[in-house]
Amino acid sequence: MQERYEPNLIEPIAQRYWNEQRSFAAKEDASKEKYYCLSMFPYPSGRLHMGHVRNYTIGDVISRFMRMQGKNVLQPMGWDAFGLPAENAAMMNSVPPAKWTYDNIAYMKKQLQSLGLAIDWDREVATCKPEYYRWNQWFFLRMLEAGIAYKKTGTVNWDPVDQTVLANEQVVDGRGWRTGALVEKREIPMYYLRITQYADDLLQALDTLPGWPDRVRAMQANWIGKSVGVRFAFTHDIKDSSGKLIGDGKLYVFTTRADTIMGVTYCAVAAEHPLALHAAQSNPQLAAFIEECKQGTAQEAELAQQEKKGMDTGLFVTHPLTKEPVPVWVANYVLMGYGDGAVMAVPAHDERDFEFAKKYKLPLKPVVVPRSWKGRQFEESTEVLDGLARPSLKIQDEKNLDEFYFNWNNWVPRLAEHGICVKSGKYDDMDYDEAIDAIAADLKEKSLGDKQTQWRLRDWGISRQRYWGCPIPIIHCDACGDVPVPDDQLPVVLPEDKVPDGSGNPLNKDPSFYECACPKCGKKARRETDTMDTFVDSSWYFLRYACADNSKAMVDARVNYWLPVDQYIGGIEHAILHLLYSRFWTRAMRDLKLVKVEEPFTNLLTQGMVLNDIYFRKPAAGRIQYFNPSEIDVKLDDKGKPVGAVLRSDGQPVEMGGMGTMSKSKNNGVDPQKLVDEFGADTARLFMMFAAPPEQTLEWSDEGVQGAFRFMKRLWRSVYEHVNAGPTSKLD
RNA sequence: GGCGGUGUGGCGGAAUUGGUAGACGCAGCGGACUUAAAAUCCGCCGGGUAACUCCGUACCGGUUCGACUCCGGUCACCGCCACCA
């Protein structure tokens with residue numbers, strides 16, 4: 001054993017030994033308690049970043065701890081290898097995404113090994129390999145048979161120049177990020193997975209996951225978005241040009257406030273609603289308005305910022321209880337994708353309806369009063385606002401000091417509170433719950449509605465008009481329709497030699513891929529060229545680790561030994577989609593009797609981001625220039641507080657921008673490879689584990705790394721001294 | 001607007017079920033070694049005081065022999081979701 005601590009000498013020796021001995025290969029052993037420790041697998045972007053190092057170090061420490069506790073530990077690793085960045089890199093460098101991806105995997109695997117992680121590399125998977133994605137295809141066909149997968153037309157962002165579908169993030173200010181062309185909404189056929197069928201289960205079962213952070217469970221519950229209310233219909237006799245009643249003469253709406261049904265003064269429908277489209281046929285102005293609503297992105301968050309706009313259709317529907325005519329408006333605040341794309345509007349008790357009614361001078365009608373008014377006399381009156389007569393209700397407060405009344409100058413939140421029904425005929429004096437029960441019962445009796453549960457969650461559209469993904473195993477035949485690829489012809493292999501040029505999916509232009517024979521009738525047919533969303537790949541990789549070598553089946557009995565994952569570690573950014581899809585997919589596999597496990601992840605740790613200082617200069621004209629902290633000298637005052645910073649190369653001051661997530665755009669990243677090369681993996685790992693609790697953000701500090709390095713050196717020396725002192729010691 | 005979280009020295013953060021607040025690290029200060037520097041090592045390091053049995057865990061109050069920890073309220077910050085009817 002040598003006196004000097006030289007990690008670059010000793011770490012590779014240990015790593016080679018582990019590799020040769022297969023020290024971390026896990027074997028199923030029913031006599032031992034298993035422990036499955038899983039880190040979210042990386043996208044092979046090219047190099048590891050500090051977030052990876054943190055993630056895998058946390059997992060490795062937990063694995064080590066559990067191994068020392070005598071558990072049979074599995075810690076696998078793989079590659080989330082399909083996806084858009086490979087296509088972009090391909091365009092820039094004229095390299096096929098496959099080559100780019102495999103090269104990156106080779107490099108990053110070396111990096112991971114140099115970190116000394118106790119990974120069982122025998123179980124490595126890469127989602128872009130046919131051995132893996134054939135089971136995506138196989139199980140997709142099983143879901144199709146079971147009715148969990150289905151086809152329907154869906155709305156996408158379409159770039160008319162590139163002839164391609166854009167993800168929401170690729171739409172900037174309503175234009176394609178590459179072409180700058182105005183993005184269109186387009187209806188195209190896509191495959192969907194019926195995750196909504198599992199909505200209630202996915203929501204309820206969140207309570208069985210005490211090992212998950214509260215906020216992640218809350219985020220999932222929000223996303224699923226259960227809401228209980230009443231779905232009912234207004235009636236009408238509006239017919240289309242062929243004389244058919246639109247929607248069978250019913251305009252369905254959903255409401256959580258059925259108690260306000262007597263206060264309805266208009267109905268609002270989404271721009272894409274059949275009634276709106278019908279009215280637009282004879283109304284060019286309305287048609288133009290509908291076109292305007294269709295512009296922009298399919299992203300809902302942006303809709304929330306828009307001003308409320310609408311237009312009268314001139315159509316009327318009949319109120320199901322009062323039989324009064326109710327005007328139908330098109331409104332941009334109504335979403336086609338939620339419920340039936342239509343709402344009943346009660347401007348006296350709903351903020352959005354209020355704002356809309358005020359803008360377009362629509363009537364309003366108060367029908368709910370505070371509970372404190374119960375059993376007391378109130379006065380009806382009319383006030384004139386904006387030249388309109390507005391009905392108001394007044395009451396003396398209990399101390400007879402003031403008058404409380406509805407006034408319609410501004411919205412007040414109290415108007416939306418639950419209360420007592422008034423001016424509602426037979427429902428007068430009923431409280432919220434009672435009124436809803438009574439109204440739902442009456443609507444049911446008329447066969448015009450009932451209580452219903454509505455979900456925010458939508459079915460999962462998995463079709464992507466993209467090349468670098470798992471092909472959807474369907475063949476389109478003019479005679480037989482959509483025919484599944486027979487199991488014995490799986491996998492449908494993605495050709496790996498294509499180089500996308502930005503003008504759509506190369507599979508569309510490759511006859512050797514899309515030309516095929518119909519498996520049913522043998523006639524010439526066309527292969528589906530859409531590929532699957534990459535979230536499909538990551539929805540079950542944790543199952544495959546248990547049986548990665550099985551070429552005959554998707555999963556086998558070993559899955560039931562290892563699953564569920566005892567500890568899952570990864571970024572909070574996957575709190576909703578990846579984790580929800582995985583929970584759904586596992587349930588689908590359970591229902592098709594492939595696995596026993598229902599909840600795949602028992603404990604979840606969402607590790608914090610890695611932050612670093614931000615330094616910049618803001619020139620009088622032009623872009624902000626960011627400087628990497630390694631190029632900066634910080635000035636301290638007497639107490640050691642930072643008071644300023646200068647760029648080392650020119651000695652001139654730079655602005656201190658506080659701390660932010662390490663990113664290319666802020667130029668504040670630290671390359672893990674440099675860190676490992678200089679100080680060794682142990683120092684890097686020690687610092688990361690030590691500087692902050694795993695769930696919290698970690699503030700990078702070069703001095704902190706030095707401290708960890710000093711610690712390692714001291715540790716080395718004390719071992720060295722021990723070895724020299726002890727006559728029989730053979731530590732080296 | 002809804003939901004979730006967090007507030008402790010100059011800084012990152014400890015404090016297992018309510019029992020010595022500030023572990024450990026960073027920065028800072030003093031010292032040793034050195035011709036000098038780096039590296040390394042030792043000591044000090046919340047505030048106040050001449051001193052202590054003083055004050056101090058965002059703020060106000062409560063429970064308790066005892067509160068960073070439990071309860072009620074306030075303030076501030078962060079994250080996610082959001083015309084969801």
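Just so you know, these numbers use all the heavy atoms, side chains as well, and skip hydrogens, waters and symmetry mates. Chain naming here is simple, since letters A, B, ... match the order of the sequence lines and numbering starts at 1 in each.
Closest to the F690(A) side chain, of the nucleotides G25(B), U40(B), A82(B), is G25(B). Comparing C83(B), G13(B), A85(B) against the side chain of Y333(A) picks out C83(B) as the nearest. The L335(A) side chain lies nearest to A85(B) when the options are A85(B), G13(B), C26(B). Comparing U40(B), C81(B), A85(B) against the side chain of I576(A) picks out C81(B) as the nearest. Minimum atom distance to the side chain of Q696(A) is reached by G13(B), of the listed G13(B), G25(B), A27(B).
Using a 30° and 60° split on the angle between ring planes, F709(A) and Y5(A) fall in the tilted class, from 30° to 60°. Aromatic ring orientation, F535(A) versus H574(A): perpendicular (interplanar angle above 60°, classes split at 30° and 60°).
Annotation: ring-ring contact (aromatic ring centres under 6.0 Å, His included) contacts involving residues 198-235 of chain A, sequence neighbours excluded, comprise Y198(A)-F584(A), F232(A)-F234(A), F234(A)-H319(A). Among residues at least two apart or in separate chains, side-chain hydrogen bond (donor to acceptor under 3.5 Å, both in side chains) pairs with a member in residues 341-354 of chain A are Y333(A)-D353(A), D350(A)-R352(A).
In this structure, the CD1 atom of I224(A) is 16 Å from the C1' atom of A82(B), given to the nearest Å. Distance, L203(A) CG to C84(B) C1': 15 Å, rounded to whole Å. Rounded to a whole Å, the NE2 atom of H578(A) is 19 Å from the P atom of C80(B). For M609(A) and C80(B), the CE to P distance is 8 Å, given to the nearest whole Å. In this structure, the CG atom of L698(A) is 17 Å from the P atom of G25(B), given to the nearest Å. G79(B) atom C1' lies 15 Å from atom CD of Q607(A), rounded to whole Å. Look at CD on Q706(A): it is 15 Å from P on G25(B), rounded to the nearest Å. Rounded to an integer number of Å, the gap from R456(A) CZ to G2(B) C1' is 12 Å.
Nucleotides A82(B) and U17(B) are separated by 40 Å at their C1' atoms, to the nearest Å. For G72(B) and G79(B), the P atoms lie 26 Å apart once the distance is rounded to whole Å. Taking atom C1' on both nucleotides, G48(B) is separated from U53(B) by 15 Å, rounded to a whole Å. Going from the C1' atom of C29(B) to that of G9(B) covers 16 Å, rounded to whole Å. With C1' as the reference atom, U20(B) and G66(B) are 12 Å apart, rounded to whole Å. Going from the P atom of A51(B) to that of G47(B) covers 14 Å, rounded to whole Å. For the C1' atom pair drawn from U6(B) and G12(B), the interatomic distance equals 15 Å after rounding to whole Å. When the C1' atom is compared between C55(B) and U49(B), the two are found 11 Å apart, to the nearest whole Å.
Counting heavy atoms from C-beta on, the side chains of I261(A) and L443(A) come closer than 4.5 Å.
For the pair E699(A) and N222(A), both in contact range of RNA chain B, the more 5′-proximal nearest nucleotide belongs to N222(A). If you find the closest nucleotide of RNA chain B to W223(A) and to M336(A), the one lying nearer the 5' end belongs to W223(A).
Scored by the ring-ring contact (aromatic ring centres under 6.0 Å, His included) test, H49(A) finds H52(A) as partners (sequence neighbours excluded).
Within residues 338-355 of chain A, the residues having any heavy atom closer than 4.0 Å to RNA chain B are, in order of number, Y338(A), V343(A), R352(A). Non-hydrogen atoms lying under 4.0 Å from RNA chain B are contributed by D214(A), R215(A), A218(A), M219(A), all within residues 207-220 of chain A.
A salt bridge links D60(A) and R685(A); the closest N-O separation between the charged side-chain nitrogens and carboxylate oxygens is under 4.0 Å. Between D207(A) and R217(A) there is no salt bridge, since no side-chain N of the basic residue sits under 4.0 Å from a carboxylate O of the acidic one.
Checking side-chain atoms of Y360(A) against main-chain N and O of G310(A) turns up a donor-acceptor pair under 3.5 Å. Between the side chain of N603(A) and the main chain of D566(A), a donor-acceptor pair closer than 3.5 Å is present. Side-chain atoms of W700(A) do not come within 3.5 Å of backbone N or O of V610(A) as any donor-acceptor pair.
Using a 4.0 Å heavy-atom criterion, one finds that G707(A) contacts the sugar-phosphate atoms exclusively. Nucleic acid contact class of V253(A) (heavy atoms, under 4.0 Å, all strands): none.
Side-chain polar atoms of S663(A) and T661(A) form no donor-acceptor pair below 3.5 angstrom. Using a 3.5 Å distance cut-off with no hydrogens or angles, the side chains of D533(A) and Y581(A) do not pair a donor with an acceptor.
Remark: R717(A) is not in phosphate contact with U40(B), judged by side-chain N or O atoms under 4.0 Å from OP1 or OP2. Taking only side-chain nitrogens and oxygens, S227(A) comes nearer than 4.0 Å to OP1 or OP2 of A85(B). The shortest distance between the side-chain N/O atoms of R710(A) and the OP1/OP2 oxygens of U40(B) is below 4.0 Å.
For the pair K152(A) and Y192(A), the cation-pi test (distance below 6.0 Å, angle within 45°) is passed.
Nucleotide G56(B) is shown with an anti base, its glycosidic torsion being more than 90° from 0.
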Dot-bracket summary - RNA chain B, pairs being Watson-Crick or G-U whose distances fall under 3.5 Å, with | when paired to another strand: (((((((..(((......[....))).(((((.......))))).((......))..(((((..]....))))))))))))....

